[in-house]
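First the proteins, then the strands, lettered A, B, ... as listed; each starts at 1. What's counted below: heavy atoms across the whole structure, side chains too, no hydrogens, waters or symmetry copies.
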Amino acid sequence: MFLAMRAAVEETLAATLDRLGYPTDDLGIEQPPDDIDAVLASSAAFRLAGEAGAPPPKVAAEIADAFDAADCQYIDRVDTQGPYLNFWPSEQYFEHVLETGQDDDYGALPDRETSVVVEHTSANPTGPVHVGRARNPIIGDAVANLLDYAGYDVERHYYVNDAGRQIATFTWAYETFDESELPEPERESPEYEMVRYYRKANTYLEDEADEAEIEAAEAEIQSIMQGLEAGDEAAYERVSEVVDTVLDGMYATLKRLPATFDEFVKETRFMRDGSTDDVIERLKETEYAVYDEDAWQLDLPDIDKNLVFVRGDGTSLYTTRDLAHHEWKFDNFDEAVTVLGEDHELQARQLKSALEILGNDTDRLQTVHYSWVTLPEGGMSTREGTGVDLDDLLDEAIARAREEVEDRLDDRIRDDDLTEDDIDRIAHQVGIGAVRYDIVSKQPTKGITFEWERALDFEAQSAPYVQYVHARASGILAEATDGEGINADQAVTELDSRALDTPSERELLRQIARFPAVIETAADDLHPHAVATYTREFAEAFNAFYRECPVLDAPADKQGARLALVVAARQTIGNALDVLGIEAPDSM
RNA sequence: GGGCGUGUGGCCUAGUGGACAGGGCGAGAGGUUCCUAACCUCUCGAUCCCGGGUUCGAAUCCCGGCACGCCCGCCA
């Protein structure tokens with residue numbers, strides 16, 4: 001609705017400017033400030049003042065006079081305030097918002113017939129998922145949801161590093177050390193049990209082993225890597241046992257968020273199918289290839305650092321395999337999005353540059369970078385075992401949410417008798433929602449210092465604040481359905497938006513109307529946090545309506561329309577939360 | 001040293017060329033016989049890191065600093 005209205009305004013405004021003899025390249029369409037109830041504004045008069053030889057307000061008035069609102073769908077009239085043009089919506093606009101806002105898929109944009117693969121998380125399968133990298137699955141999942149809503153055909157991939165040095169080392173350690181040499185696992189889950197071998201390998205090689213022992217270990221690690229490079233089945237199986245076990249455990253944690261994947265794509269796949277070798281051969285033939293100190297490197301334009309693509313020992317590197325991986329993505333998808341930590345920034349640029357050299361159109365590849373979550377005392381590391389495990393954070397979040405629910409039980413006004421299952425459900429929805437919202441609502445590029453109190457604040461700008469809107473709307477509708485005399489179907493069929501004439505009702509309609517446009521720009525920018533900002537603004541509008549407009553006790557001539565408004569509002573906030581990957585509780 | 005990113009009231013954060021910089025936390029004062037008070041209303045609080053520049057107009061763009069984070073491995 002908003003999108004159609006905006007398109008109509010753009011078209012009509014352009015035609016108007018053209019008729020007046022002004023250039024139409026800058027329409028200056030923008031959102032009016034909060035205290036102006038217009039749906040759209042334009043600041044074009046500023047730029048046209050010079051050309052017109054008249055002050056901006058005068059130009060604005062001239063344009064407003066010439067603008068024929070009758071030509072413009074959903075627009076009732078245009079007026080000016082100083083140099084600004086304000087466009088006012090027609091009743092038909094609100095009527096359509098009230099109608100379409102009730103659709104299950106409200107906010108979802110038309111199919112673009114474009115496939116996109118969203119790769120995120122892709123954490124090395126070395127141990128438990130910790131909070132330092134928790135931004136990746138949360139942002140990645142939201143980006144995937146967002147693109148899905150925006151009309152793309154989305155697949156979610158986790159790229160599994162099962163071929164690197166770290167994994168060879170891990171495999172060697174798993175086969176070498178006895179469990180009796182290891183500390184108790186922090187949890188009874190495969191990745192917590194397995195990471196002990198990995199940590200042991202690192203302390204052993206760094207501090208405990210003598211030179212001969214290091215050499216022996218090194219030889220074994222080398223043989224695993226060489227085996228993988230040669231496509232040797234036995235080497236692959238040795239590594240797979242470790243990788244698959246750890247990955248299963250990590251996935252179980254990620255599912256709690258929930259972050260799910262359509263496919264786990266293993267690096268070794270691109271060694272076994274020969275595509276990595278193919279990339280290497282093609283790179284060697286380019287003008288950028290240099291052979292230096294036994295290694296093949298790429299002297300990339302615009303990047304100072306050479307990209308080594310074949311080691312002195314003949315094995316490939318992570319980025320080499322990632323090149324084959326990305327060509328595979330280009331073969332199978334129209335577009336690719338990767339969510340990466342800021343530490344991969346240089347590597348991502350090298351990858352893109354090398355892909356370009358290989359003849360790929362890298363405009364099809366976009367990356368979203370995020371900064372690490374750090375502790376007040378510093379970074380988190382799987383290898384060193386420092387940091388907060390995501391499982392612990394989620395457990396704590398759920399426990400605190402449960403306390404909140406139980407504390408509130410006594411002074412609940414509504415006698416809906418929450419069962420033990422309800423309390424459990426709410427604790428999960430709110431606890432996990434709070435963690436996700438805290439992360440997804442911020443610009444990914446900003447650094448986050450993890451603090452328990454801040455991450456688990458259930459008040460104000462948080463998931464529960466937004467979820468509460470959904471619960472309130474659901475409560476009204478539940479009451480309406482089994483209450484006396486109100487037919488739930490009435491909500492859907494009663495579309496007299498004219499009855500919704502108070503400022504708070506109008507504002508809520510305007511907020512509902514914005515949602516598809518929010519999806520569109522957030523998807524274009526790959527900015528899921530823009531949707532989080534929207535949910536907050538939406539919640540404010542809903543709460544104002546809730547305070548001022550009774551629904552169940554509304555005058556007879558308004559009740560149907562208000563119920564329809566509540567249905568639309570509930571649908572909108574539910575879908576917005578869905579984009580963010582946050583559950584929308586029916587009660588809390 | 002070089003590259004990338006970030007810098008907004010005491011703290012956290014939105015806003016990346018246009019209408020008085022929007023929220024939250026915090027502090028203070030109110031609000032529930034009425035659909036859930038995880039809510040709402042009011043008050044307090046900002047040299048938008050600093051200095052130049054572009055523009056009718058800059059938190060936003062450009063240049064130069066400063067501070068913090070990340071990267072600069074034949075690791076990933």
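Here the separation of B:rC25 from B:rC44, taken at their C1' atoms, is 14 Å to the nearest Å. Look at the C1' atom in both B:rC40 and B:rC35: the space between them is 15 Å, to the nearest Å. B:rC62 and B:rA76 have their C1' atoms separated by 37 Å, with the value rounded to a whole Å. Nucleotides B:rG26 and B:rA58, compared at atom C1', are 31 Å apart to the nearest Å.
A salt bridge links A:Arg562 and A:Glu505; the closest N-O separation between the charged side-chain nitrogens and carboxylate oxygens is under 4.0 Å. Using a cut-off of 4.0 Å between Lys/Arg side-chain N and Asp/Glu carboxylate O, A:Glu403 and A:Arg400 are scored as not salt-bridged.
A:Arg383 and A:Thr126 share no donor-acceptor pair across their side chains, judged by distance under 3.5 Å alone.
Distances from the side chain of A:Pro32 to the nucleotides B:rA37, B:rA19, B:rA14 place B:rA19 closest.
At most 12 heavy atoms of other shown residues, nucleotides or ligands fall within 6.0 angstrom of atom CG in A:Asp304.
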Using atom names, set out every protein N or O paired with an N or O of nucleotides 3-10 of chain B below 3.5 Å, distance rounded to 0.1 Å.
| residue | atom | partner | partner atom | Å |
| --- | --- | --- | --- | --- |
| B:rG3 | O2' | A:Arg349 | NH1 | 3.4 |
| B:rG7 | OP1 | A:Lys446 | NZ | 3.3 |

Got a list of protein N/O to nucleotides 74-76 of chain B N/O distances below 3.5 Å?
| residue | atom | partner | partner atom | Å |
| --- | --- | --- | --- | --- |
| B:rC74 | O3' | A:Arg311 | NE | 3.3 |
| B:rC74 | O2 | A:Gly312 | N | 2.6 |
| B:rC74 | N3 | A:Gly312 | N | 3.4 |
| B:rC74 | N4 | A:Glu293 | O | 2.0 |
| B:rC75 | OP2 | A:Arg311 | NE | 2.3 |
| B:rC75 | OP2 | A:Arg311 | NH2 | 2.5 |
| B:rC75 | O3' | A:Arg311 | NH2 | 3.4 |
| B:rA76 | OP1 | A:Arg311 | NH2 | 3.2 |
| B:rA76 | OP1 | A:Tyr318 | N | 3.4 |
| B:rA76 | OP2 | A:Tyr318 | N | 3.3 |
| B:rA76 | O3' | A:Asn161 | OD1 | 3.4 |
| B:rA76 | O3' | A:Asn161 | ND2 | 2.8 |
| B:rA76 | O2' | A:Asn124 | OD1 | 2.8 |
| B:rA76 | O2' | A:Asn124 | ND2 | 2.5 |

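Within the structure, a side-chain polar atom (N or O) of A:Asn543 is placed less than 4.0 Å from OP1 or OP2 of B:rC40. Phosphate proximity of B:rC35 to A:Arg547: absent, as no side-chain N or O sits under 4.0 Å from OP1 or OP2.
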Quiz item: If the sugar-phosphate is the primed atoms plus P, OP1 and OP2 and the base is the rest, what is the B/S/- string for nucleotides 23-31 of chain B, using protein heavy atoms under 4.0 Å?
Solution: BSS------
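Base pairing annotation: B:rG64 forms a Watson-Crick or G-U wobble pair with B:rC50, both donor-acceptor distances under 3.5 Å.
By the 4.5 Å heavy-atom criterion applied to side chains, A:Ile426 and A:Leu418 are counted as neighbours.
When all heavy atoms of A:Leu577 and A:Ala584 are compared, the pair lying nearest together is CD1-CB, 4.0 Å.
Note on A:Ala530: nothing from the nucleic acid sits closer than 4.0 angstrom, heavy atoms only.
At distances below 3.5 Å, not a single donor-acceptor pair connects side-chain atoms of A:Lys558 with backbone N or O atoms of A:Val551.
The side-chain tip of A:Arg321 does not point at the ring of A:Phe270 from less than 6.0 angstrom away and within 45° of straight on.
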